[in-house]
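Structure first, commentary second.
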Amino acid sequence: MGMGAFGFRRLHSNRERKRLMGVRVRFAPSPTGHVHIGNIRAALFNWLFARHEGGQFLLRVEDTDRERSTPEAIATLLDVMQWLGLAYDEEPLFQTSQEPSHCRAAARLLEENRAYRSAKDGEGEAIVFRIPWEAEQVPGVEVCGSAELAVHPDEPVEVRAEGLGYAGVSKKGKAVTGGVSCLAGFRDLEVSDGGGRCLLVLADVLDRVFAGDSLRVPGAVCLRFTRRAIAFTDLVKGRLSKPLDSMRDFVIVRSDGHPVFHLGNVCDDVTQGITHIIRGDDHVENTYRHLFLFHALGAEPPRYAHLPMIVNAAGKPYSKRDGDAFVGDFRDKGYLPEALFNYLALLGWNPGDAREKMDRAELVRAFALDRVQQSPARMDPRKLLNLNGQYMAEMDPGAFRAGARAVAASAPWGDRIDEALFGRVAALMQTRTKVYTDALGWGYFFVDTPEYDPKAVRSLLCRTGVAGALSALLESLCRVDFADVGALEQAVQAAAGAAGLEPGSLNQPLRAAVTGCTVGAGVFETLAVLGRKRTLARIPHALRLAGLVPATGEG
RNA sequence: GUCCCCAUCGUCUAGUGGCCUAGGACAACGGGUUCUCAUCCCGUAAACAGGGGUUCGACUCCCCUUGGGGAUGCCA
């Protein structure tokens with residue numbers, strides 16, 4: 001509350017802090033294939049969270065896998081995001097452009113002795129990040145108490161700066177060689193043999209070991225140490241932790257000089273000022289490591305929210321190789337982005353009430369990470385189809401027509417579409433359409449002779465009295481106004497009545513005769529759209545097909 | 001092997017110790033409305049993985065088992 005410069009500075013820094021604390025999230029796909037449903041769902045949750053919080057949603061293209069990253073994959077990624085309405089703020093950051101900065105960070109870590117060079121398998125020297133021995137300085141690291149680990153005496157315990165190597169004991173008493181565990185996992189370590197004699201006290205040799213010495217301790221059966229763990233509170237899973245003795249130092253720069261994912265990812269999160277990381281829970285293991293990296297880089301780690309995976313019909317998580325889960329395929333199959341968006345939002349999240357059909361604004365308003373599910377979800381194509389049908393039924397007729405028209409263009413009859421007629425058909429079919437590709441079945445409106453379903457022809461047209469009634473109907477239809485649905489209905493009912501048929505019982509046979517199939521919009525509306533010419537031509541054609549009147553030259 | 005995570009109808013889910021005789025949605029099935037289909041309406045079937053605790057009381061808390069997934073890469 002002071003005055004003058006001090007007060008002003010305070011105000012300024014508060015504003016500055018507020019700017020820095022505004023929510024900034026990112027979607028960080030690697031463009032190595034088609035974006036699948038699981039990825040895009042993560043993007044969507046990031047987007048919803050950012051919009052709900054009034055924050056920023058950033059895009060980062062993690063294209064450091066130069067072998068497999070392609071410009072095409074980047075293009076489809078952007079395309080699909082735009083289609084789904086996942087607009088990002090600021091310019092996308094391409095990770096490869098950050099490589100110099102990643103390398104500088106690695107150099108600094110090396111200088112500060114937080115990382116070291118290591119040659120392995122004759123691959124040259126990579127830079128490896130060390131889980132710090134002084135781990136307690138890292139927020140989230142806690143002491144769990146003393147721990148004991150049985151080791152197999154046949155294999156020596158190896159102590160090196162890179163970590164502790166030892167063989168565990170399997171249930172059957174065999175030696176199981178694990179990898180090397182980071183030294184930081186074994187505070188106060190004492191190695192002892194079967195007689196309980198202490199073979200080694202780590203503290204006594206620590207300086208030597210970090211200086212490069214490596215020790216082999218044969219005949220050990222027990223490791224006694226103080227266990228430490230790294231913990232964090234996940235916004236969806238709650239408190240998560242992992243003991244350090246189950247971790248190992250990890251490579252941050254390959255021997256070819258290129259930084260690896262862990263370094264790049266963390267550096268970019270720092271430079272982009274990311275406040276919340278929302279990603280698939282296949283990343284929780286990475287988080288434990290990244291927490292150490294953030295600290296070593298002198299940065300505050302972001303909050304984390306790990307989303308459960310979306311699994312396929314077989315119950316397996318979607319992978320980049322699962323072609324069938326490519327988001328773009330849903331567009332091609334005739335789904336509406338709004339519907340897919342809505343459906344995906346409900347996969348692993350719910351608003352806490354019975355609402356399901358929710359538009360974007362509603363989802364943004366309702367979205368909260370604490371209502372995200374902890375268990376994996378399986379995609380249900382039938383529910384998506386149902387939801388899509390709801391959206392289609394309610395959408396703007398002009399938009400529906402345009403969408404259906406685009407799909408119809410790829411039909412065999414797509415090059416013979418009368419636009420005015422198409423408009424009438426679309427209006428007629430909209431409420432009963434589930435996906436745009438349903439329009440592929442509208443061909444009978446646009447071709448001279450539709451394809452007839454033989455079963456329908458047989459079962460409907462061969463009924464007693466039907467052939468006669470249809471022939472009689474042919475006469476009266478010559479005089480009916482086809483624009484008058486009521487008049488059409490009257491004519492059909494009259495023909496049925498005259499033939500001694502139940503009212504309405506001529507409807508399905510008539511439908512089969514003029515459309516070739518058994519389902520569709522109301523038969524009189526269909527007739528009206530079809531028009532007199534095609535109706536009059538098709539009825540006798542169908543009767544001939546059914547063998548009810550003699551063929552007259554044409555097949 | 002080790003470590004981490006997860007577990008309610010076929011599927012998505014509600015449920016935060018008594019309101020649960022476990023609710024909803026999609027799908028399924030039956031019925032009604034309608035000329036068919038879709039819509040709409042009514043109804044039926046369908047789940048707390050198993051075992052131990054804790055508690056007066058457990059779907060809810062703890063432990064174990066089982067099952068699933070992830071990590072354990074100089075992939076991201």
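Here is how names work: the chains are called A, B, and so on, in the same order as the sequence lines, proteins then strands, and each is numbered from 1.
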Pairing partner of B:rA7 (Watson-Crick or G-U wobble, both distances under 3.5 Å): B:rU66

Contact under 4.0 Å: A:Arg248 side-chain N or O vs B:rG73 OP1/OP2: yes

Watson-Crick or G-U wobble partner of B:rG1, both distances under 3.5 Å: B:rU72

Euclidean distance for P, B:rC4 against B:rC75 (whole angstrom): 26 Å

Closest-nucleotide 5' rank along RNA chain B - winner of A:Asp282 and A:Val311: A:Val311

A:Lys242 and A:Glu285 ion-paired at < 4.0 Å: yes

Spacing of the C1' atoms in B:rA49 and B:rG30 (rounded, Å): 31 Å

Nearest-nucleotide pick for A:Pro376, side chain only, options being B:rC74, B:rU11, B:rC6: B:rC6

Short side-chain N/O contact to B:rA14 OP1/OP2 from A:Gln373, under 4.0 Å: yes

Euclidean distance for P, B:rC29 against B:rA38 (whole angstrom): 11 Å

Among B:rA76, B:rC4, B:rC5, the nucleotide that comes nearest once only the side chain of A:Lys242 is considered: B:rC4

Sugar-phosphate, base or nothing in reach of A:His262, heavy atoms under 4.0 Å: base

Separation between the C1' atoms of B:rG15 and B:rU8, rounded to whole Å: 9 Å

Sugar-phosphate only, base, or nothing, as touched by A:Pro29 at under 4.0 Å among non-hydrogen atoms: nothing

Nearest-angstrom distance, C1' atom, B:rG43 to B:rU33: 15 Å

Below 4.0 Å: OP1/OP2 of B:rC6 and any side-chain N or O of A:Gln374: yes

Short side-chain N/O contact to B:rC4 OP1/OP2 from A:Ser246, under 4.0 Å: no

Closest to side chain of A:Glu285, choosing from B:rG70, B:rU11, B:rU36: B:rG70

A:Arg371 side chain near B:rG15 phosphate (N/O to OP1/OP2, under 4.0 Å): yes

Phosphate OP1/OP2 of B:rA14: any A:Asn350 side-chain N/O under 4.0 Å: yes

Nearest-angstrom distance, C1' atom, B:rA76 to B:rU39: 47 Å

B:rU54 and B:rC63, which share atom name P, separated by this distance in whole Å: 15 Å

Any strand: nucleotide that pairs with B:rG43 via Watson-Crick or wobble, under 3.5 Å: B:rC29

Closest to the A:Arg382 side chain, choosing from B:rG10, B:rG24, B:rU13: B:rG10

A:Lys434 side-chain proximity, nearest of B:rU39, B:rC35, B:rC26: B:rU39

Below 4.0 Å: OP1/OP2 of B:rA71 and any side-chain N or O of A:Asn286: no

Gap between atoms CG and C1', on A:Leu263 and B:rC75 respectively (whole Å): 15 Å

Euclidean distance for C1', B:rC48 against B:rU13 (whole angstrom): 13 Å

